[in-house]
Amino acid sequence: MPPKAIGPYRVLETLGSGGAGTVYRALDRRSNDEVALKLLSTGGPSLDDRAARRLAREFETLADLAHPNVVKVFEAGVHAGQPYLAMELIEGLTLRHYLDVSFNDLHTPTPSSRFPLTIRRTADDDFGSVDSPDEEEDDEVEDDGTFGLNAFAEEAPSEDLASFHGAGDDSDSDGMRVVDPRRAAPRAPPPASRPATPKLADLNRPERMGKLKDAMLQVCEALAYIHGHGLVHRDLKPSNIMVDDDRQVRLMDFGLAKFLADDAGITADGKLVGTYRYMAPEQILGEPLDGRSDLYSLGVILYELMSGRPPFDAKTPHELWRQVLETEPPPLLALNLHGDPQLARVAHRLIRKEPDDRFQTAEEVYEALSE
Ligand SMILES: Nc1ncnc2c1ncn2[C@@H]1O[C@H](COP(=O)(O)OP(=O)(O)OP(=O)(O)O)[C@@H](O)[C@H]1O
């Protein structure tokens with residue numbers, strides 16, 4: 001049951017849940033405006049006054065940001081010891097659903113395709129730990145039983161789906177997650193059936209490609225803006241990008257990763273904050289991040305939305321990290337012969353291992369996408 005009220009907000013309905021908490025449609029009783037209210041789930045101790053003040057400070061930066069492609073954050077607060085964020089309510093879809101081809105045989109749904117998630121104490125926080133529920137979340141299985149493109153946009157896209165599950169790390173395959181790279185991840189048995197091959201013709205539909213390119217350009221504008229303010233998103237992925245009814249893109253969950261970890265994305269107990277599939281090599285290594293790490297994540301998004309599979313695909317998180325650090329991804333156009341060559345070139349350059357070898361700025365990516 002959702003809470004009836006959170007701070008000065010009346011909760012109207014649940015919009016969705018992610019790795020870090022639950023988002024509600026809520027009414028600001030002071031202004032009568034509707035907002036999206038994200039209540040961060042804390043499995044640990046509640047926030048004390050000092051921590052609450054720090055939370056408010058962390059989000060002052062966000063509240064100052066104003067860009068048509070960055071979700072507006074109005075307020076941060078604490079409700080019954082749980083931090084919450086009030087933000088602009090977007091009537092639309094996440095990028096993964098917006099570009100969803102929604103047909104039955106893209107993939108065989110695999111029930112055990114989720115990781116448990118734990119968000120632990122952050123490096124310099126007083127906020128306590130946050131453990132998400134371990135229950136399965138099945139938002140990739142559509143109401144009509146179809147399995148959409150999003151299924152491989154953020155899940156292990158191949159026969160590896162099940163083998164990630166229970167691999168021994170504190171993570172979820174969709175959402176903010178914390179990963180301990182030092183922990184060994186035993187292999188799980190292979191799933192019973194292999195997934196069907198995506199229908200590439202559907203991926204390449206001109207209307208879909210037009211939407212993809214337009215969304216990417218708007219994400220570049222958002223990234224150029226936040227990078228210009230000296231900020232890094234750190235957890236860019238299709239579910240953190242929303243597209244409204246007017247096709248206007250909003251970058252979401254910006255600042256959350258920073259709130260949960262230190263400058264290198266490392267929590268107090270040595271865990272990485274981020275989302276496996278989209279993490280740049282330097283993020284995996286716990287090195288300092290800059291805007292080019294977000295550009296890497298953008299490249300992974302572009303690669304998988306064009307090819308139907310991510311650039312690196314492994315049976316365990318450790319194998320995934322090894323590939324990200326050491327191996328070259330398959331040429332996108334070998335996976336999708338009729339993919340757009342220019343977009344494929346952009347994707348490959350974005351996912352170069354060395355930040356110096358990538359595009360250096362979101363503006364450069366914008367230019368390249370516009371060619
Ligand atoms: N500002 C918003 N306006 C409208 N709907 C929103 C807004 N923010 C989030 N949502 C909805 O709530 C859902 C859950 O969001 P949330 O940020 O908790 O999860 P996520 O992004 O899918 O995962 P994670 O938090 O792990 O990154 C989203 O998928 C989206 O449908």
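Just so you know, ligand 1 is whichever comes first in the structure, and atom 1 is the first atom listed for that ligand.
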> ligand 1 versus Ala36, non-hydrogen atoms closer than 4.0 Å: side chain, backbone, both, neither?
Replying inline: side chain

>> Under 4.0 Å, heavy-atom basis, I'd like to know which part of Lys38 is in contact with ligand 1: side chain, backbone, both or neither.
In response: side chain

>> If hydrophobic clusters are built from ILVMFWY residues whose side chains come within less than 4.5 Å, do Leu231 and Tyr366 share one?
In response: yes

> Would you say Lys353's side chain and Val324's backbone share a donor-acceptor pair under 3.5 angstrom?
Replying inline: yes

> Counting heavy atoms only, which of Val23, Asp244, Ile241 comes nearest to atom 15 (O) of ligand 1?
Replying inline: Val23

> Atoms of ligand 1 less than 4.0 Å from Gly21 heavy atoms?
Replying inline: 18 (O)

> Using heavy atoms and a threshold below 4.0 Å, how should the contact between Met252 and ligand 1 be classified: side chain, backbone, both, or neither?
Replying inline: side chain

> If we only count heavy atoms from C-beta on, is the Leu305 to Arg96 side-chain gap below 4.5 Å?
Replying inline: no

> Considering only heavy atoms of Thr94, which atoms of ligand 1 have at least one such atom less than 4.0 Å away?
Replying inline: 29 (O)

> Hey, is Asp253 touching ligand 1 through its side chain, its backbone, both or neither, going by heavy atoms under 4.0 Å?
Replying inline: side chain

> Taking the inter-plane angle between the rings of Tyr84 and Tyr9 on a 0 to 90° scale, is it parallel (under 30°), tilted (30 to 60°) or perpendicular (over 60°)?
Replying inline: perpendicular

> Using a heavy-atom cut-off of under 4.0 Å, does the side chain or the backbone of Arg250 touch ligand 1, or both, or neither?
Replying inline: neither

>> Check this for me: does any side-chain nitrogen of one of Asp253 and Lys38 sit under 4.0 Å from a carboxylate oxygen of the other?
In response: yes

